[in-house]
Amino acid sequence: MQKPPEPAASQGTHLLWYARGMRNIISLPAFILMSAFVGFAGFARESGIELAHAAFMTATIWALPAQVVLIAGITGGTTLAAVFVSVALSSVRLMPMVTTLVAEIRSEKTRTITLLFLSHFIAVTSWVMASERIHRAPRQFRTTYFAGFAVTLTSLNIAIVVLVYVFATGIPVTVLGALFFLTPIYFLTSLWATARHRLVKIAMIAGLVLGPLFHLVAPEFDLLLAGLFGGVAAFLYDRKFPGDTRGSAT
Amino acid sequence: MNFTAIDAWWWPYLFILIAGWFATDIWRYAGVLLGRKLDETSAAFMLVRSIATALVAAVIARLVIFPSGALAETALLLRLGAAIVGFAAFLLAGQKMAVGISVGLAILVTGMLLGF
């Protein structure tokens with residue numbers, strides 16, 4: 001990749017932005033995700049999944065709900081086709097998340113193959129974190145910045161799965177409970193704090209209300225239905241009743 | 001054809017690749033192809049963003065209201081209370097995430113220690 005002869009020397013190099021991305025590993029949300037993978041490693045072990053398989057699914061799937069669904073399918077002796085369908089259903093949510101993040105991290109010169117590679121590292125936590133922090137990087141360095149952060153985060157969590165699987169002994173229930181509770185409370189505050197537009201807050205409220213309702217009616221499709229109905233309803237509401245500040249575009 | 005159908009070392013890996021990796025990354029790749037064409041300021045982008053946000057919000061609600069693992073044994077009211085009071089503290093503190101997270105967590109842990 002050629003660079004113009006440094007008019008923007010202050011903006012740094014790709015190596016620098018990769019390292020700056022990596023630095024986000026030392027943060028509360030990264031810690032929260034790691035504790036979730038501590039829980040996953042314990043779950044995999046209790047379910048009789050081999051260590052190598054647990055590490056392999058973390059690397060190739062990199063989405064906790066899908067990994068839990070896969071293990072449930074494996075231990076239940078479910079057929080390949082049926083497991084494929086339930087995992088695919090649990091992962092549809094990644095599509096709109098990837099779509100919005102890609103629009104934010106690509107520059108005119110970014111190649112599609114780069115984006116396809118990077119998309120593998122997008123999951124809920126990395127999406128929330130990237131939405132919050134990607135604007136710290138100038139546009140031409142955003143893919144590098146995201147790679148530095150996301151690839152490191154995935155690699156680190158594969159290592160955590162291996163270590164916890166091998167060394168885990170009884171972690172007190174209160175500690176586990178507190179660790180599990182970190183995830184929703186972090187998502188809740190981070191999404192709200194970083195909402196740059198009123199629409200995001202409306203969509204959040206819609207999802208919070210509709211999620212549990214759809215869970216009672218159709219537990220297999222609750223996230224999907226809440227996302228679609230809540231998202232579209234919030235969008236239409238925001239169009240129909242523009243707020244006192246701004247209209248619809250960011 | 002389940003996970004133990006073929007007695008070979010490679011079968012579990014192939015199973016994970018098909019039912020896990022492919023079933024998940026297919027959506028990520030579709031998202032890339034869609035996002036490549038989307039302008040960050042367009043109405044279509046805002047609609048997709050709205051859907052993605054509502055989805056993540058539904059994930060939050062599920063984790064609080066219908067949790068699995070260690071949280072499943074705690075009282076629903078405790079989890080709801082911790083999340084709501086934590087969020088209120090976050091708002092009152094001028095949207096400081098650390099405040100919201102610590103308050104929520106403190107309520108949850110106290111409640112768990114008291115046996116709720």
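Looking only at heavy-atom pairs under 4.5 Å with chain B, the residue among A:Leu28, A:Thr75, A:Leu182 that has the most is A:Leu182. When each of A:Trp62, A:Trp127, A:Trp192, A:Tyr186 is scored by its heavy-atom pairs under 4.5 Å with chain B, the top score falls to A:Trp192. Of the listed residues (A:Gly211, A:Ala81, A:Ala52, A:Gly73), the one with the most heavy-atom contacts under 4.5 Å to chain B is A:Ala52. Interface summary for chain B: among A:Val87, A:Leu223, A:Leu94, A:Thr79, the most heavy-atom pairs under 4.5 angstrom belong to A:Leu223. Residue with the most contacts toward chain B among A:Val102, A:Ile185, A:Leu80: A:Leu80 (heavy-atom pairs, distance under 4.5 Å). With respect to chain B, the highest number of heavy-atom pairs below 4.5 Å among A:Ala66, A:Ala234, A:Pro212, A:Ala226 belongs to A:Pro212.
Using a 4.5 Å cut-off between heavy atoms, B:Ile65 contacts chain A through its side chain alone, with no backbone atom that close. Of the two parts of A:Leu224, only the backbone, made up of N, CA, C and O, holds a non-hydrogen atom closer than 4.5 Å to a non-hydrogen atom of chain B. Looking at B:Tyr13, the atoms closer than 4.5 Å to chain A (heavy atoms on both sides) sit in the backbone and in the side chain alike. Contacts of B:Ile26 with chain A are absent, with no heavy-atom separation under 4.5 Å from either backbone or side chain. Only the side chain of A:Val124 comes within contact range of chain B, with heavy atoms under 4.5 Å apart. Residue contact with chain B, scored on non-hydrogen atoms closer than 4.5 Å, involves the side chain of A:Leu70 exclusively. For B:Leu108, the part sitting under 4.5 Å from any heavy atom of chain A is the side chain, from C-beta outward, and nothing else.
Under the 4.5 Å side-chain criterion, counting only non-hydrogen atoms from C-beta, A:Val83 is in contact with B:Phe15. In this structure, the side chains of B:Asn2 and A:Thr78 stay at 4.5 Å or more apart for every pair of heavy atoms. At a threshold of 4.5 Å between non-hydrogen side-chain atoms, the residues B:Phe3 and A:His53 count as touching. The shortest side-chain heavy-atom distance between B:Trp21 and A:Met57 does not fall under the 4.5 Å cut-off.
Note: A:His215 and B:Phe66 have parallel aromatic rings, judged against thresholds of 30 and 60 degrees for the angle between ring planes. Ring pair B:Phe22/A:Phe84 is parallel by interplanar angle, where below 30° counts as parallel and above 60° as perpendicular.
Of the possible donor and acceptor atoms, none in the side chain of B:Trp27 sits under 3.5 Å from a partner among the backbone N and O of A:Arg93. A distance-only check finds a donor-acceptor pair linking the side chain of B:Arg28 to the backbone of A:Ser119 [under 3.5 Å]. When atom types are taken as modelled, the side chain of A:Arg106 and the backbone of B:Arg36 share a donor-acceptor pair closer than 3.5 angstrom.
In terms of heavy atoms, B:Arg62 sits closest to A:Pro219 at NH2-O, 4.1 Å. Across every non-hydrogen atom of B:Ala54 and A:Gly230, the tightest pair is CB-C, 4.0 Å. The nearest pair of heavy atoms linking A:Arg239 to B:Ala43 is NH2-CB, 3.7 Å. Annotation for A:Ala178 and B:Leu105: closest pair O-CD1, 3.5 Å, computed over non-hydrogen atoms. Of all heavy-atom pairs between A:Ser91 and B:Ala23, the closest is CB-O, 4.0 Å.
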Can you check side-chain contact (heavy atoms from CB on, under 4.5 Å) on A:Leu199 and B:Arg49, steps first, answer last? CA-CA 9 Å; A:Leu199 169 59; B:Arg49 163 128 231 154; 5.8 Å; no
List the steps, then state whether side-chain contact (heavy atoms from CB on, under 4.5 Å) holds for A:Met97 with B:Val56. CA-CA 9 Å; A:Met97 289 163 47; B:Val56 176; 4.0 Å; yes
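Between B:Thr53 atom OG1 and A:Leu208 atom CG the span is 11.0 Å, to the nearest 0.5 Å.
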